[in-house]
Each structure stands twice: as C-alpha cells, then as structure tokens.
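Below: the structure, in structure tokens.
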Amino acid sequence: MVSKIEVSLELVRLTQRRANRFNLPFRKQVARCVVEQAILELDPELNFIVDNEASLAEVDVLAQALKVNDIVVNGRHIDVALLDGGEVLLHNALVDTPYLECGSLIVQLDGANRGSVVGYVDGTSWNMIADMEKSPDVVSIPFSPKANFDLAECLQRIEKYHAPNVDSPLAELPKAEDYLQFSRDRKSMSIEKQRQVVAAAVSSAAVRKNIGLLDANQGSKVDPAQRVLRDSAVWEVRILGVVEKVHAKFPHLSVDQIVEAVRQVGAQQGGQPEAPEFKESLLKVLARQQLAAKFSPDVKAIMNTFVDKLLAGKNKAEAISDYVKNKAAVDVARIIGEKREAARQFAAASAEEIGFAFKQLALQPAYATHSASENTGVAAINEALQLFEAADLVEDFMELDF
C-alpha cells in the first residue's frame, strides 16, 4: 500500500536553496515534498486540495524557530514529521495548538529525493508525550513504519473528525510585543506564550504576514518590528474610537464590556470597523448583553433572528408580526413605543399606557371590536413593545459612522 515517491531534482534544488538560506533542516523539507507529491498522486475524485499559502512552513520565522513543517489539506493543517533513527521529533511549543490538532504524517526517506509516507501520529498522542516529557523544548515519539499505511484513508479520517482550522478565529490574540519577543528570543518565553503565538499564526493570515515582516527586509529604513507595533497601535486607536461612539447607545454596558466586544468582533471580522459585517456582528454582541437583563426569555431567544431580519431590510412592524401574531397587540405596542421617552425603554407597559393606546385605537373602526378583547393580553403587548424598542435601537446603531 505504501509507495515510493520520487521528488524531482529541480524541486530538490529549490528546497535545498531555501534550507540553506534560512538554516532549515533540508531532509524535513524533502519529507514535506514527498507528502505533497503523494497526495497529488491520489485519486482526484477524493477531492484532496493542498493549499501551501496557508501553511506555517511558508512563514520563515516560524520555520526557523520551531521547524514547523506542515501542509494544509482541505483547510486543515497537518504536520509532516521525519522518521529518523526510529523516532520523530517535534518542538514542544507546537503541541496542544491548532497547528497539531490534526496530527502528524510520518515520512521515511530513502536517499536525497525519495521517500514514503509510512504512518500517522494523532495530536492526542503528542499531547500525552509532552505531558510526560522533561525537556522544555523538544519532545519525541518512538515510531515503527507501517508497511500497509493507507494515506487516502488517513486523510479521510482526519477530514471526518477534525473541522477546518485555517484562519479559524481565536477568542484572544497575543500582544504585538509577544510576536517581537518570539522572533528575537523565543526561548525566553514560556511554552504557553509560544503556543499562543503559534495558535494566532494558524488563526490569522494577517498574523502570519506580520510575523514574516519581523524577519524580512532587514535593510529597510523602517524597522519591521516597529511596523507591527504601529499596526497594533492603530488598532487600539480604532477600538477607542468605536467605544466612544457606541457607549452612548448602550449606557448599561461598561466601557470594559464594550472594549472586549470590539476586540472579539475584530478577531472574527478583521480590523476594519467601517465594514458592514463588522458593524452587524458588533451590534449582535452588544445587543445581547444590553438587553439580557431586560428581555423576557422568549424575546431573548429570538433576538438574533429578529436582528437579522431588520438588517436584511424588513419593515420593523412586519418583522415583529412574524413573532407576535396578535395584530392588535402589535398596534398597541407601537402606539406606546411612539409616545415613550427614551428613559422608559424596555420597561413593561403600564396600565395608563395601555389605556391610552386603546383609546387611540378605538378611534379607528377596525379596532372597535378588539379594544376589550382578551387577545390583546398584556404579555403579547409587552413582547411586541420590547421588539419595537429593540428595533429602534438597531436602527440608531446602524446609523453610527465608525
């Protein structure tokens, strides 16, 4: 089942040139080429697509520091490890990170440009070894080649049990100073800090680009480290600008809560607050927090879909009618909402407000038979009223210019 793969001499020369330039282990680079070629020789109907642009092995700083040697197949990072002397080695900082969650394919070389994929080690096995290993930097696993290893079956199993993780957002990213320290003095950092940098590189193309800048253009007039720190400072200024504009709309949230929400959305949508997707995502996060204490459980449960309808351009009265089927209750709530002061937003409707609305509706013949009906129950009125006021909040928020 295991077949020998021969790497072309041209590719070997290119690989050797890169290995010499960046002081990388040449044999590991050849092993990566073996895996890529082996995948290309599989049945095309299996639909395995290799995407090297997202690979951490293409980021010179990471390749130099941690000898990362991954391929990306159908959106999943897979480490490529070289079998040498009956064992495979890996830097500890890669363990327990998204880089290694899909495990390692093991390659055995036969000469300078031939080799075979002879097995697989899953991420859990690496985690267990790292927990037992005393070495702070490198861990190893003994390994015997599998004579009947099926690469296609292994890739199918990885795809079945592991979700794509290329550019998958993280809740928290390292600070700019951490990237700088990683590029200059990685071993002075804790393993946990190093793993955060690796996870960030997996999660963001922008991070991979900025880490690359730390080691590139050494003769440039602009220090790449300063450029990365400057970019970080620009983002911080953007956060403060967004918070200043948003806080007036969400007075019940603390500044810290809003800052955290902006950071969270930035990690998911990128650092462009003026983008419509950024604004919509931030609105949903803040609205959930702002209204959590005010809404009834029924209203909180529908808030995301309700906001989606408003953002799609649906009239708020029509959108509310999708949830509150009683037309009379919707109209009572609309009249109460139009008359209310902002200070009373999201408060339950008082008897006086309901009475006033009934009188207004009683002037319209179509509602004469509904004014005393039990169908205009207080619960339905309050649910519709909350949705009207939430809709007003959405409209006000979307008018903000970030």
May I ask you to check whether over 12 heavy atoms, not counting those of Lys193, lie within 6.0 Å of atom NZ?
no
Any ion pair linking Glu58 and Arg32 (charged N to carboxylate O, less than 4.0 Å)?
yes
Check whether Asp51 reaches the backbone of Val72 with its side chain - one donor and one acceptor, N or O, closer than 3.5 Å.
no
Go through the side-chain N and O atoms of Tyr99 and Asp79 and say whether any donor and acceptor fall under 3.5 Å apart.
yes
Tell me, yes or no, whether the heavy-atom count around Glu41 atom CD, taken from other residues, nucleotides or ligands under 6.0 Å, exceeds 12.
yes
Taking Ser183 for the side chain and Leu180 for the main chain, is one N or O donor matched with an acceptor at less than 3.5 Å?
yes
Would you call Lys279 and Val265 a side-chain contact if the rule is heavy atoms closer than 4.5 Å?
no
Full working for side chain to side chain contact (heavy atoms under 4.5 Å, CB included) between Asp70 and Ile78
CA-CA 5 Å; Asp70 62 324; Ile78 305 174; over 6 Å; no
Any side-chain heavy-atom pair of Val166 and Val202 under 4.5 Å:
no
Any side-chain to backbone donor/acceptor pair from Ser203 onto Asp167? Under 3.5 Å, distance only.
no
Within the side chain of Gln196, is there an N or O that forms a donor-acceptor pair under 3.5 Å with the backbone of Leu173?
no
Full working for side chain to side chain contact (heavy atoms under 4.5 Å, CB included) between Val7 and Arg114
CA-CA 6 Å; Val7 181; Arg114 290 188 303 276; over 6 Å; no
Between atom CD1 of Ile320 and atom CZ of Phe306, what is the distance when rounded to the nearest 0.5 Å?
4.5 Å
Minimum-distance pair of heavy atoms, taken over all atoms of Ala54 and His77:
O-CE1, 3.1 Å
Counting distance only, does the side-chain N/O of Ser281 pair as donor-acceptor with the main-chain N or O of Phe278 below 3.5 Å?
no
Please determine if Asp137 and Arg186 form a salt bridge, counting it only when a charged side-chain N lies under 4.0 Å from a carboxylate O.
yes
Are the side chains of Leu9 and Asn113 in contact, using a 4.5 Å heavy-atom criterion?
yes
Is a donor from one side chain sitting under 3.5 angstrom from an acceptor on the other, for Thr124 and Asn127?
no
So, the side chain of Thr15 versus the backbone of Leu11: is there a donor-acceptor pair under 3.5 Å, distance only?
yes
Backbone of Ala206 reached by a side-chain donor or acceptor of Ser204 within 3.5 Å
yes
Using modelled atom types only, decide if a donor and an acceptor are shared between the side chain of Ser55 and the backbone of Ala57 within a distance under 3.5 Å.
yes
Are Val88 and Leu82 close enough that some pair of their side-chain heavy atoms sits under 4.5 Å apart?
no
Chi angles and distances behind the side-chain hydrogen bond (donor to acceptor under 3.5 Å, both in side chains) call for Thr305, Asp308
CA-CA 5 Å; Thr305 58; Asp308 285 338; over 6 Å; no
side-chain hydrogen bond (donor to acceptor under 3.5 Å, both in side chains) between Gln108 and Asp84: does it pass, once the steps are laid out?
CA-CA 8 Å; Gln108 185 174 43; Asp84 192 4; over 6 Å; no
How about CZ on Arg18, more than 12 heavy atoms from neighbouring residues, nucleotides or ligands closer than 6.0 Å, or not?
yes
Under the side chain to side chain contact (heavy atoms under 4.5 Å, CB included) criterion, do Ile141 and Glu87 qualify, and how do the steps go?
CA-CA 5 Å; Ile141 288 181; Glu87 65 177 2; over 6 Å; no
Backbone of Ala81 reached by a side-chain donor or acceptor of Lys28 within 3.5 Å:
no
I'd like to check Glu101 versus Asp96 (side-chain heavy atoms, cut-off strictly below 4.5 Å). Are they in contact?
no
Looking only at atom types and distance, does a side-chain atom of Arg157 sit under 3.5 Å from a main-chain N or O of Leu155, one as donor and one as acceptor?
no
Contact between Arg184 and Tyr179 at the side-chain level, heavy atoms closer than 4.5 Å - yes or no?
no
Give the intermediate values and the outcome of side chain to side chain contact (heavy atoms under 4.5 Å, CB included) for residues Leu90 and Val138.
CA-CA 6 Å; Leu90 191 75; Val138 177; over 6 Å; no
Salt-bridged, Lys175 to Asp178, with N to O below 4.0 Å?
no
Close side-chain approach of Val330 and Arg334, heavy atoms under 4.5 Å:
no
